[in-house]
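Accompanying notes for the structure given below.
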Amino acid sequence: MAEMFLEKFRSLVPLYLEDEWQVEDGLTESEIEDALSEVGSPIPLVLREFYLALGGCEDLMEAYHYFFDPDELEVEDGYLLFLEDEEEKYVWGIRVDQLEVPDPIVYRRQNARGIWKSEEGTFSEYVLDMFSWVFDELSPELNN
């Protein structure tokens, strides 16, 4: 399987954490497979490579929002849920009919209303933009 996103995700460690990427920052393929056997759902290539690169990096997995560990993934309302905000007002997911797409569109649900809305970007676009927002725009605000 060709790696499309792995290096891009690995590059986030030196970019935002000012440290070299280490093997411990990611999960192994077997750790992901073991976790997914409990979930019972396939995941897109981009999400698999995200976990391979950053699944063990708590500083990024819990940066402002919380990415679900692979064994915490769940399907709800026809979406594979992978991320939630710290106040649990929103959850992000991928439509289950798009799980075979290498880099599918991300949707957000406002939990109080239960309404899903497209983020109008793919997983890789959304994640890279989110980290940029958290570390470049929000960090100075959080440090004051």
Side-chain angles (χ1 to χ4, degrees), residues 1-139 142:
M1 180 183 324
E3 296 171 346
M4 298 174 64
F5 312 98
L6 191 61
E7 289 306 316
K8 183 60 106 173
F9 291 138
R10 284 180 179 167
S11 73
L12 298 177
V13 172
L15 180 64
Y16 295 124
L17 304 181
E18 299 176 1
D19 197 4
E20 288 185 34
W21 182 86
Q22 305 290 321
V23 173
E24 302 81 40
D25 291 328
L27 299 177
T28 66
E29 191 70 50
S30 63
E31 288 172 319
I32 294 170
E33 285 305 315
D34 288 346
L36 292 180
S37 69
E38 298 175 29
V39 175
S41 176
I43 62 172
L45 173 65
V46 68
L47 185 55
R48 178 176 300 278
E49 291 188 8
F50 176 81
Y51 287 131
L52 286 170
L54 302 174
C57 184
E58 197 172 296
D59 289 337
L60 292 176
M61 291 286 289
E62 297 181 3
Y64 196 70
H65 293 327
Y66 300 99
F67 283 92
F68 297 173
D69 290 330
D71 62 343
E72 297 171 330
L73 294 171
E74 63 181 276
V75 174
E76 194 175 291
D77 300 335
Y79 292 83
L80 177 69
L81 309 181
F82 66 87
L83 178 73
E84 70 182 342
D85 68 317
E86 63 184 347
E87 294 155 0
E88 299 181 5
K89 291 182 179 180
Y90 296 94
V91 67
W92 285 262
I94 298 165
R95 288 181 16 192
V96 294
D97 65 354
Q98 298 293 304
L99 295 178
E100 298 299 322
V101 175
D103 193 11
I105 299 293
V106 170
Y107 292 82
R108 177 187 58 175
R109 179 184 72 196
Q110 183 181 20
N111 290 331
R113 293 187 182 160
I115 298 171
W116 287 93
K117 179 181 177 188
S118 172
E119 290 285 17
E120 299 183 9
T122 64
F123 180 92
S124 64
E125 292 168 333
Y126 179 79
V127 168
L128 296 174
D129 287 349
M130 185 198 81
F131 284 131
S132 175
W133 175 71
V134 168
F135 287 99
D136 295 340
E137 295 180 29
L138 203 56
S139 289
L142 293 174

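Values below: all heavy atoms of this structure, side chains included; hydrogens, waters and symmetry mates excluded.
- Contact between Trp21 and Val13 at its shortest, heavy atoms only, is CD1-CG2, 3.7 Å.
- What you find for Val134 and Ala63 is that their closest heavy atoms are CG2-O, 4.1 Å.
- Pro42 and Glu100 get closest at one heavy-atom pair: CG-OE2, 4.0 Å.
- Distance NZ/Lys89 to CZ/Arg113: 12.0 Å, rounded to 0.5 Å.
- A ring pair (Phe, Tyr, Trp, His ring centres under 6.0 Å) with Tyr107 is found for exactly one of Trp116, Trp92, Tyr126, Tyr79, namely Tyr79.
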| task | Decide side-chain contact (heavy atoms from CB on, under 4.5 Å) for Glu3 and Arg48; before the verdict, give the C-alpha distance in whole Å, the side-chain angles of both, and the deciding distance to 0.1 Å. | result | CA-CA 10 Å; Glu3 296 171 346; Arg48 178 176 300 278; over 6 Å; no

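- With values rounded to the nearest 0.5 angstrom, Leu73 atom CG is found 11.0 Å from Leu83 atom CG.
- A ring pair (Phe, Tyr, Trp, His ring centres under 6.0 Å) with Phe123 is found for one member of Phe5, Phe50, Tyr51 and no other, namely Phe50.
- One finds the CG atom of Leu12 at 9.0 Å from the SG atom of Cys57 (value rounded to the nearest 0.5 Å).
- Each salt bridge (Lys or Arg N to Asp or Glu O under 4.0 Å) pair with one or both residues in residues 15-25, not counting sequence neighbours, would appear here, but there are none.
- With respect to Val75, the side-chain contact (heavy atoms from CB on, under 4.5 Å) criterion is satisfied by exactly one of Ile94, Leu81, Leu80: Leu80.
- Residues His65 and Glu86 come closest through the heavy atom pair ND1-N, 4.5 Å.
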| Given the rule in the side-chain contact (heavy atoms from CB on, under 4.5 Å) test, do Phe67 and Val127 qualify, once you have shown the distances and angles that lead to the verdict? | CA-CA 10 Å; Phe67 283 92; Val127 168; 4.0 Å; yes

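- For the atom pair CD of Glu29 and CG of Asp34, the computed distance is 10.5 Å after rounding to the nearest 0.5 Å.
- To the nearest 0.5 Å, atom CG of residue Leu60 and atom CZ of residue Phe9 are 11.0 Å apart.
- For the atom pair CZ (Arg10) and CG (Leu15), the distance works out to 16.0 Å, reported to the nearest 0.5 Å.
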| field | CA sep, side-chain torsions, deciding dist, call: Asp136, Phe131, side-chain contact (heavy atoms from CB on, under 4.5 Å) | value | CA-CA 8 Å; Asp136 295 340; Phe131 284 131; over 6 Å; no

| Stepwise side-chain contact (heavy atoms from CB on, under 4.5 Å) test for Glu125 and Val106 | CA-CA 9 Å; Glu125 292 168 333; Val106 170; over 6 Å; no

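- When every heavy atom of Tyr16 is checked against every heavy atom of Leu128, the shortest pair comes out as OH-O, 4.5 Å.
- Not one N or O on the side chain of Asp71 forms a donor-acceptor pair closer than 3.5 Å with the backbone of Glu38.
- With salt bridges taken as basic N to acidic carboxylate O contacts below 4.0 Å, none links Glu84 and Arg109.
- Between the side chain of Asp103 and the main chain of Thr122, no donor-acceptor pair closer than 3.5 Å is present.
- Heavy-atom minimum distance, Pro102 versus Pro44: O-CB, 4.0 Å.
- Counting heavy atoms from C-beta on, the side chains of Gln110 and Ile115 never come closer than 4.5 Å.
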